[in-house]
Structure formats: structure tokens, C-alpha cells
2 protein chains.
Amino acid sequence: MSTLSYILLCMLVRKPCSGYELKQYINLFWEAHHSQIYTALNKLHEQGYVTVKIDPVHKQKKIYHLTEAGQLVVTDWFQEETNLPTQRDEFLAKVYVISLFNQEQAADLLQDRRHHYQKIQKQYQHKMQEYNLITDPTEKQKNLGRYLILKRRLMVCTTELEWCAWAQDILNRNQNQ
Amino acid sequence: MSTLSYILLCMLVRKPCSGYELKQYINLFWEAHHSQIYTALNKLHEQGYVTVKIDPVHKQKKIYHLTEAGQLVVTDWFQEETNLPTQRDEFLAKVYVISLFNQEQAADLLQDRRHHYQKIQKQYQHKMQEYNLITDPTEKQKNLGRYLILKRRLMVCTTELEWCAWAQDILNRNQNQ
DNA sequence: GACATCATGTAAGCTGTTACATGATTCA
DNA sequence: TGAATCATGTAACAGCTTACATGATGTC
């Protein structure tokens, strides 16, 4: 089974979801296009790890539920060795050759990065507020993992933004030498 | 041309390298297996973006040098829109479902993560020390980009470790409730 | 001389991206 | 009623992983 399939099963632990919803949430820890998600879900269905219920209102919408077999797969996987995160960041490759470029070009590159992290910082802050509104203890417990991940995302965003400011400062000093 | 090819050209800006060396350094911003790197280098050679010189001592070793055409490709690429970093981290998917598991299992998961970041933190600190030993201003300028990236890596490591400590603390409190 | 590491390459199979395709629902 | 969004799917192609394969160099 591919890693994506495990990721999807994990997401279904929290609550039953449609493929469309899974696509919206997955970026908390993974990346996949809808084409990949839909095919993986169909395969998980064949394998008996999920069941499908047609949404009574939106009849083209399929809600996937984790089966017991599916939950067992998740618990087994949890205890296996964890693969390291992928890290492919072409921005950093551009930073690597930044001394080839003038101050303006370098500043543009850094600014785009800053804008990106400012944007997703706001998104995650919003999601964090939603979590903080949960009062029911059972519901709060169920969302604990999601909370831990959101916090990490926010911390990483802050670090990225701090780095951008620091790097811009270094480049300015470098220029004035 | 694939992103990997651009990455390799960027790396050759700093100094000519063999495929083997590129493989060792690439993880600062990208991931690729040697099989992928060697085939990409052969293609870049065909395209005229690099030249090859056989190392006089190690005759099976091929040193790749960036050509003017290659440098032009890099400067053009620099100014194009930067793709966002990939983020696939199955550790986070495990954290997402952490409430399914007992305290010991959760602690094991976090400890592995902590060990990983402690390990690479040491590696980057070591590389940073190497940079700090450079006295020649031209050489220092050439390594500026590398320095900026190393600093970011170290900052991210610190954040990851801080998060691990914080998350463990949350889980402990959660247990004692 | 044995073993680790250096050094390069090919190929099959799997994963991920992009493009094509269709239809329902919601809201102005 | 037109446009945006919701919702699902297939297929071709590109990129990545894993396994196989070979030989040189350095060192105990």
C-alpha cells in the first residue's frame, strides 16, 4: 500500500470524509492531487479498509468511513518505522546562487517567500481559533492530533518569516560593504 | 527541463563537482537518488549546459563544469516564479491519530523525531563551523548563499525540537487529567 | 587480501503531475 | 441563466524509488 493510502486512512480516523474534503485537509501533512486521492480511495474500498455511503443531499458525493480492518492497518502502520519528511524546496536553490544577482532581484525573491508564509500563517491562525472554540472534551480529545500539527505549522511559519527578515538584513549589510 | 536539472546547475555555480559530490550536498535543498543525478548530468552534458573533465587522479571520476549557456539557464530560472516547497511528512499523519495510542507509544514516536533533528542539527552546526573558518572575502562571498541556507536549516531544527518538547508536555498533561 | 567507501551507470516499477472529461449545486 | 464552486473520475506522461551491476581506491 502506498503512503498516501495510509495518510487517507489516518484522516478518516477523525471523521468520515468525502474525497473532496480529504483533498482540502490533506496539506496539513501531505500533498496529493485529487486524481491521486480518488484512485487511492477506490482502491481502499476494494481492499475493504473503507466503506462508502452516498450523501443523501448531494447524491454525487461519496462519504468514506473507516472499517475495523482499516483502523487495524492504521495502528500497525503507526508502530512501523517513520519515513523522514521529503524536502524539496527550489527557493533554497535560488538562495544558494543569490550572490549572482543584484540587490533588487534578491529582495524580490525573499519578498515572495515572506508573502507566502504570511498568507499561510493567517490560514493556520484561523484554523487554530476554530479549535479553540471547541468546548466538548471528547471532541477536543479527538482533535488533539490536529491541534499539535497546527501548532507546529504556526511555529515553522514564524521561523521561516524570522529567517526571511534575518536574510534580508544580511544581504543589506553585504551590499553596503 | 526538470527541476532537478536546475538544482544541479545551481550547485555547479559555486564550484565544479562530480555527481557523487552533488549527491552528498544536494540535501541542503533537494532530494535525489544517485541514479537520478547521474542521468540528469548526462542529459545536461548533451544539452551543452555542462562540460565534463576526467579527474586526473581518480580516472573514473567525472568533474562537471557549468558552461556559459548553463549559467544563462540558471539566471533565467532564478527570475521565474518559484514553486512552493513539497511537504510530505508521514510523522505528522501519525501525530494526527496520536490519541488512538497510549502514552508510551506516543512518546516513542516523538523521541524518534527528536533524535533525528538532534542528529542533523549537529551535522549542520559542523558545516556552519566550516563556513566560519573561511577568511578569504571572495570565497566567503561565494559561499554566502550556502551560509544563508545552513542558518535556516539550523533555525528549523531548533523549532522542530522545541515543538517536540512542547508536544510531549501537552501529552503528559493530557495523561494526568 | 578483505572490507569500506568512492564512483558511475541501467532498468523496472511505482508515484505524482497535468490534461481531459463530466455533471451537480449554489448564488447573484 | 451564467459563473463559481462542488464533486468525481480517467489517462498519458514525467519524475522518483529500488534493485541490479560493475569497478576503482584507500586502509587495516
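Just so we're on the same page: letters track the sequence lines, and every chain starts at 1.
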Asker: Indicate whether any N or O donor in one side chain lies under 3.5 Å from an N or O acceptor in the other, for A:Ser99 and B:Lys142.
Answerer: no

Asker: Tell me: OH of A:Tyr20 to P of C:dT25, nearest whole Å?
Answerer: 15 Å

Asker: Rounded to whole Å, please give me the gap between CD in B:Glu21 and C1' in C:dT8.
Answerer: 14 Å

Asker: Just compare D:dT10, C:dT8, C:dT10 and give me whichever is closest to any side-chain atom of A:Thr39.
Answerer: D:dT10

Asker: So, B:Asn172 and B:Gln103: side-chain donor and acceptor under 3.5 Å apart, yes or no?
Answerer: yes

Asker: Would you find a donor on one side and an acceptor on the other, under 3.5 Å apart, between the side chain of A:Asn143 and the backbone of A:Arg146?
Answerer: no

Asker: Quick one: A:Tyr6 OH to C:dC14 P, roughly how many Å, whole number?
Answerer: 15 Å

Asker: Going by distance alone, is a donor N or O of one side chain under 3.5 Å from an acceptor N or O of the other, for B:Arg153 and A:Gln87?
Answerer: yes

Asker: CG of A:Asp55 versus C1' of D:dC6: gap in Å, rounded?
Answerer: 12 Å

Asker: Take atom NZ of A:Lys61 and atom P of C:dA24, then tell me their distance rounded to the nearest Å.
Answerer: 17 Å

Asker: Look at the side chain of A:Asn42 and decide which nucleotide, out of C:dA7, D:dA7, D:dG9, has an atom nearest to it.
Answerer: D:dG9

Asker: Mind grabbing the angle between the end helix axes of the helix from C:dG1-D:dC28 to C:dA28-D:dT1? Five pairs an end, 10° rounding.
Answerer: 40°

Asker: Checking B:Arg14 against A:Tyr96: is there a side-chain donor and acceptor pair closer than 3.5 Å?
Answerer: yes

Asker: Between A:Tyr38 and D:dG9, is there a contact of a side-chain N or O with OP1 or OP2 at under 4.0 Å?
Answerer: no

Asker: Kindly determine whether B:Ser5 and B:Lys43 satisfy side chain to side chain donor-acceptor pair (under 3.5 Å), including the steps that lead there.
Answerer: CA-CA 9 Å; B:Ser5 301; B:Lys43 215 172 163 188; over 6 Å; no

Asker: How does each nucleotide of nucleotides 14-27 of chain D score, in 5' to 3' order, for protein heavy atoms under 4.0 Å: base (B), sugar-phosphate only (S), or none (-)?
Answerer: -SSBB----BSSS-

Asker: Can you see whether B:Tyr147 has B:Lys140 sitting over its ring - NZ or CZ less than 6.0 Å from the centre and within 45° of the normal?
Answerer: no

Asker: Figure out the CD1/P separation between A:Ile37 and C:dT18, and round it to whole Å.
Answerer: 15 Å

Asker: Under the criterion side chain to side chain contact (heavy atoms under 4.5 Å, CB included), which of B:Leu9, B:Thr67, B:Leu4 is the partner of B:Leu44?
Answerer: B:Leu9

Asker: Over how many whole Å does the gap from B:Lys62 atom NZ to C:dG9 atom C1' extend?
Answerer: 8 Å

Asker: Does A:Leu161 form a side-chain contact (heavy atoms from CB on, under 4.5 Å) with A:Gln118? I'd like the steps, not just the answer.
Answerer: CA-CA 8 Å; A:Leu161 290 169; A:Gln118 279 166 351; 3.9 Å; yes

